[in-house]
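Scroll down for the structure; my scribbles are underneath it.
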Protein chains: 4
Amino acid sequence: MTESIAATAVSVPASADAPGAVERRGRPRNAAVGTAVIETVLRLLEEGVPLGELSMERIAREAGVGKATVYRRWAGKEALMLDVMRSLEHDAPELAGESVRDDLVTLLETLRRRGLAKRSSAVLRTVLAQIKAHPELWREYHEKVVRVRREAVHAVLRRGAATGELRADLDVELMGDLIVSPMLSRAMFHDRAELPEDLPGRIVDAALEGIRPR
Amino acid sequence: MTESIAATAVSVPASADAPGAVERRGRPRNAAVGTAVIETVLRLLEEGVPLGELSMERIAREAGVGKATVYRRWAGKEALMLDVMRSLEHDAPELAGESVRDDLVTLLETLRRRGLAKRSSAVLRTVLAQIKAHPELWREYHEKVVRVRREAVHAVLRRGAATGELRADLDVELMGDLIVSPMLSRAMFHDRAELPEDLPGRIVDAALEGIRPR
Amino acid sequence: MTESIAATAVSVPASADAPGAVERRGRPRNAAVGTAVIETVLRLLEEGVPLGELSMERIAREAGVGKATVYRRWAGKEALMLDVMRSLEHDAPELAGESVRDDLVTLLETLRRRGLAKRSSAVLRTVLAQIKAHPELWREYHEKVVRVRREAVHAVLRRGAATGELRADLDVELMGDLIVSPMLSRAMFHDRAELPEDLPGRIVDAALEGIRPR
Amino acid sequence: MTESIAATAVSVPASADAPGAVERRGRPRNAAVGTAVIETVLRLLEEGVPLGELSMERIAREAGVGKATVYRRWAGKEALMLDVMRSLEHDAPELAGESVRDDLVTLLETLRRRGLAKRSSAVLRTVLAQIKAHPELWREYHEKVVRVRREAVHAVLRRGAATGELRADLDVELMGDLIVSPMLSRAMFHDRAELPEDLPGRIVDAALEGIRPR
DNA sequence: CATTAACCGAGACGGTACGTCGAGTCTTGGC
DNA sequence: GCCAAGACTCGACGTACCGTCTCGGTTAATG
């Protein structure tokens, strides 16, 4: 197990670790513990363990960690899941910045890839459900993860409206939803068969051109 | 209790009742029990009881019903939730059939109203999470509820493509998602403030016209 | 099942049947039902079913009888067990009446045989426990079964005291216990290996002669 | 609760505690829990709670202890009852060792007193019934409790046979039963009225002298 | 001979207890 | 003070049985 920790090097967001100037005394925390726990959750989810069987009890046991230690770092199962989700976030993709259409496709492609990724797809469906049931957590997840991606889309759209590539009177928020939601829907609800390679392009083109004949 | 049952008249989908010619023996089931249970779940959800506290134990207790009786009708919490969701389904809206745009707006308006409805909004967010965590239930829900609504949208789009109101080479599935997903996203993830009255119209118009300047 | 009823012909004491002049109307009770129930209990006990698994539910099921029918005849499990015990009572043995010693041995032999009998030994140990836990039933059993046997012993002892075969100042009750209790103890607590053929004789002789050297 | 535990100081036989050199890790068991549970059972029995209402559920509830904790220490209700019984065992009485008759009377007097004791009488009748229904438990109880007392009686009898105070050809086992069984019978089956002060003496004398006139 | 009332099997019903498991806390010894 | 282990309280899980109740259907005595 220890080696898998070193190998995967999941970036633990260290939610509970005091970042400030609080003077800490006594034995410092073993960073490997946090990593091991999150790594264990991911492993179990990939192995197909149903969410209902993902008890703190089992997580601690399989991670070879004391239950109290887990609770010292996360307030509960949901807080842990939040960190699990964050450990899956990739860096925002580089945007070419030339064509609005291409940038939007690039952003959607990131979503598509994550929906297909072995880990993410297994995890997203299950962990998101867990988080959504807890409003505070959902809000936090929304703030820190969702909003960032939405903002990226909005920025591209605003740029397009400014350069004349898109309508000037664009409702940025609405069009952002129009473009992102279909991909989100498919990634969350459907099978991976419904995430073909050309989907991002088709969605963006449809949104750009509209349905009405010209 | 009896009166509240009669009063609300939730339509229980009678999941477990044998519809066929199976000869029933022994004391017949009391229909009021099924109604009372579902009604109790809805009441608790409306009262803001978190999903985690919605135990079968509590449901049975508050419905004044034996636990075994609940399990006799539903295989588990998820199966019960499925019926709870079904009890919320409204009839499909009447479509005027004249303008494609108006019909699409009408369909989205139904979704918006349900997202706003006191019951549905409270229930959808929580119960859906429950169901999604169980693949078989999710599939069944998808089959019986989601698919029907998607088909309605597809039918309107096909009609539009046939009458020349929309592009003839329309990708019906894709455009259906483009129109429905934004509303679903908002209804499920966001606050009710994000479901303004004119949203259906704006979504449909955006999808019809596209973003690119003409 | 029906044949086994006819075959064994257990004498059901018909505890609940009104013997008096209560005018009965409607369909009379089916006598075979009572027999079948008691017969089923005995069969299950003989098959080694632990007392804890002897539920009314199971008894009714295995007897092919409705639960309500059982409760129509017996107030509860204990009342049923009482009748089961009574169905095992044999007639009092014939006493030769010549020698006090031989009569006592005859009486003890009856106990010994019952302790050895396949049915009785299996049943006594288990059913008695059940009954003893319910004071009213225990009292009734004591009245109707135990007392009769004790009286028989007392009668023999009194006869012996009168004829000079025994001490004239005999404490009949005490000596009755002295003779009967060892046999009861062994029959109830021990294995059948501790009920050898000559036990009644040895007990009676020991009680008659005493331990002190003469 | 804590004080009542300290006050009564029931000696818990610590059935499940490993006595050996097994290295124990984790939080050690709270000895007060075992005591509190047994004390609660005794209290309930004294209060006349019928055996049938003595559920593990209730015992745990009234002892202020988690159900799982009870099951961690005892395999079931019967195992618990076994320890309850053992907590009632007194030390063997001191025997004067001069007269066989007096020693036997002393031993019987112990039984009589226990039959009269508030706790024991209430408990014995009910708990014994429970235990007897479970062969393994009964065997264990027999081994650890009954056999010891029988051996004490046998030892006295053997001594008497050796010193000439009793017959040399004495059947020790049989005579042991002859003396102990009547007391056991009365203590278990009858009311306390049937345990008069002079009963031990009368039983022993009757057994010693026999019934036949000299 | 039709009525009628109690019988019967089946099984649903509200309860209660079963024995297990997980959540989150606490308490050891050891690092 | 951190850590693994594991005991602790609490409460839900899903099952089984209790004793009662309602069904459809039978069966004998009554009218």
Side-chain angles (χ1 to χ4, degrees), chain A residues 24-30 32-33 52-61 63-77, chain B residues 23-30 32-33 52-61 63-77, chain C residues 23-30 32-33 52-61 63-77, chain D residues 23-33 52-61 63-77:
Chain A
R24 288 227 165 244
R25 309 210 305 181
R27 175 176 172 181
R29 287 191 181 167
N30 180 354
V33 168
E53 297 177 13
L54 248 194
S55 57
M56 293 295 263
E57 199 100 22
R58 180 167 180 185
I59 292 169
R61 199 187 321 126
V65 149
K67 244 199 314 179
T69 302
V70 178
Y71 280 102
R72 204 175 291 125
R73 291 170 184 243
W74 294 281
K77 177 146 63 171
Chain B
E23 177 141 9
R24 284 227 162 255
R25 304 211 297 183
R27 177 176 174 176
R29 291 192 178 167
N30 181 356
V33 168
E53 296 177 14
L54 248 195
S55 59
M56 294 295 262
E57 199 103 21
R58 179 166 181 187
I59 292 169
R61 200 189 318 128
V65 148
K67 234 192 329 174
T69 301
V70 179
Y71 281 104
R72 201 175 293 123
R73 291 167 183 246
W74 294 281
K77 177 146 61 173
Chain C
E23 179 132 8
R24 288 222 164 250
R25 308 212 307 182
R27 175 178 174 179
R29 289 190 179 164
N30 181 354
V33 168
E53 298 178 13
L54 248 194
S55 59
M56 293 295 263
E57 200 101 21
R58 179 167 181 186
I59 292 169
R61 200 188 319 129
V65 149
K67 246 200 312 181
T69 304
V70 179
Y71 280 103
R72 203 175 290 125
R73 294 173 184 239
W74 293 280
K77 177 145 65 172
Chain D
E23 178 138 6
R24 284 223 163 258
R25 303 213 298 183
R27 178 175 172 178
R29 291 194 177 165
N30 180 355
V33 168
E53 298 178 13
L54 247 195
S55 59
M56 294 295 263
E57 198 103 21
R58 179 165 180 187
I59 291 169
R61 199 189 319 129
V65 149
K67 237 195 322 176
T69 301
V70 178
Y71 281 103
R72 198 176 294 124
R73 293 170 182 244
W74 293 280
K77 177 145 63 172

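Just so we're on the same page: letters track the sequence lines, and every chain starts at 1.
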**Request:** Please tell me which of D:Ser55 and B:Pro28 maps to the more 5' nucleotide of DNA chain E, matching each residue to the nucleotide holding its nearest heavy atom.
**Result:** B:Pro28

Rounded distance in Å - [atom1] ([X]) to [atom2] ([N]):
X: A:Arg61; N: F:dA5; atom1: CZ; atom2: P; value: 11 Å
X: D:Glu57; N: E:dA17; atom1: CD; atom2: P; value: 6 Å
X: A:Arg58; N: F:dG6; atom1: CZ; atom2: C1'; value: 19 Å
X: C:Ile59; N: F:dG19; atom1: CD1; atom2: C1'; value: 14 Å
X: B:Lys77; N: F:dA12; atom1: NZ; atom2: P; value: 10 Å
X: C:Asn30; N: E:dC7; atom1: CG; atom2: P; value: 12 Å
X: A:Glu53; N: E:dA23; atom1: CD; atom2: P; value: 12 Å

**Minimum heavy-atom distance between D:Arg73 and D:Asn30, given as atom pair plus value** = NH2-O, 2.9 Å

**Shortest non-hydrogen contact from D:Lys77 toward D:Leu54** = NZ-O, 3.2 Å

**Contacts of type salt bridge (charged side-chain N to carboxylate O under 4.0 Å, His left out), residue D:Arg27, not counting sequence neighbours** = none

**Message:** If you assign D:Thr69 and D:Gly26 each to the DNA chain F nucleotide with the nearest heavy atom, which residue ends up on the more 5' nucleotide?
**Reply:** D:Gly26

**Asked** If you pin B:Lys67 and C:Ala68 to their nearest nucleotides in DNA chain F, which one's is more 5'?
**Response** B:Lys67

As a test of reading the structure: which of [options] is closest to the side chain of [X], going by heavy atoms?
X: A:Arg72; options: F:dC17, F:dC3, E:dA12; value: F:dC3
X: D:Tyr71; options: F:dC13, E:dC18, F:dC3; value: E:dC18
X: D:Met56; options: E:dC18, F:dC3, E:dC8; value: E:dC18

**Prompt:** C:Arg73 side chain N/O closer than 4.0 Å to the phosphate oxygens (OP1, OP2) of F:dG19?
**Reply:** no

**Prompt:** Does C:Arg27 place a side-chain N or O at less than 4.0 Å from the phosphate oxygens OP1/OP2 of E:dA5?
**Reply:** no

**Prompt:** What distance do A:Glu53 atom CD and A:Arg58 atom CZ have between them, rounded to the nearest 0.5 Å?
**Reply:** 6.0 Å

**Request:** Output the distance between atom NZ (C:Lys67) and atom CD (C:Glu57), rounded to the nearest 0.5 Å.
**Result:** 4.0 Å

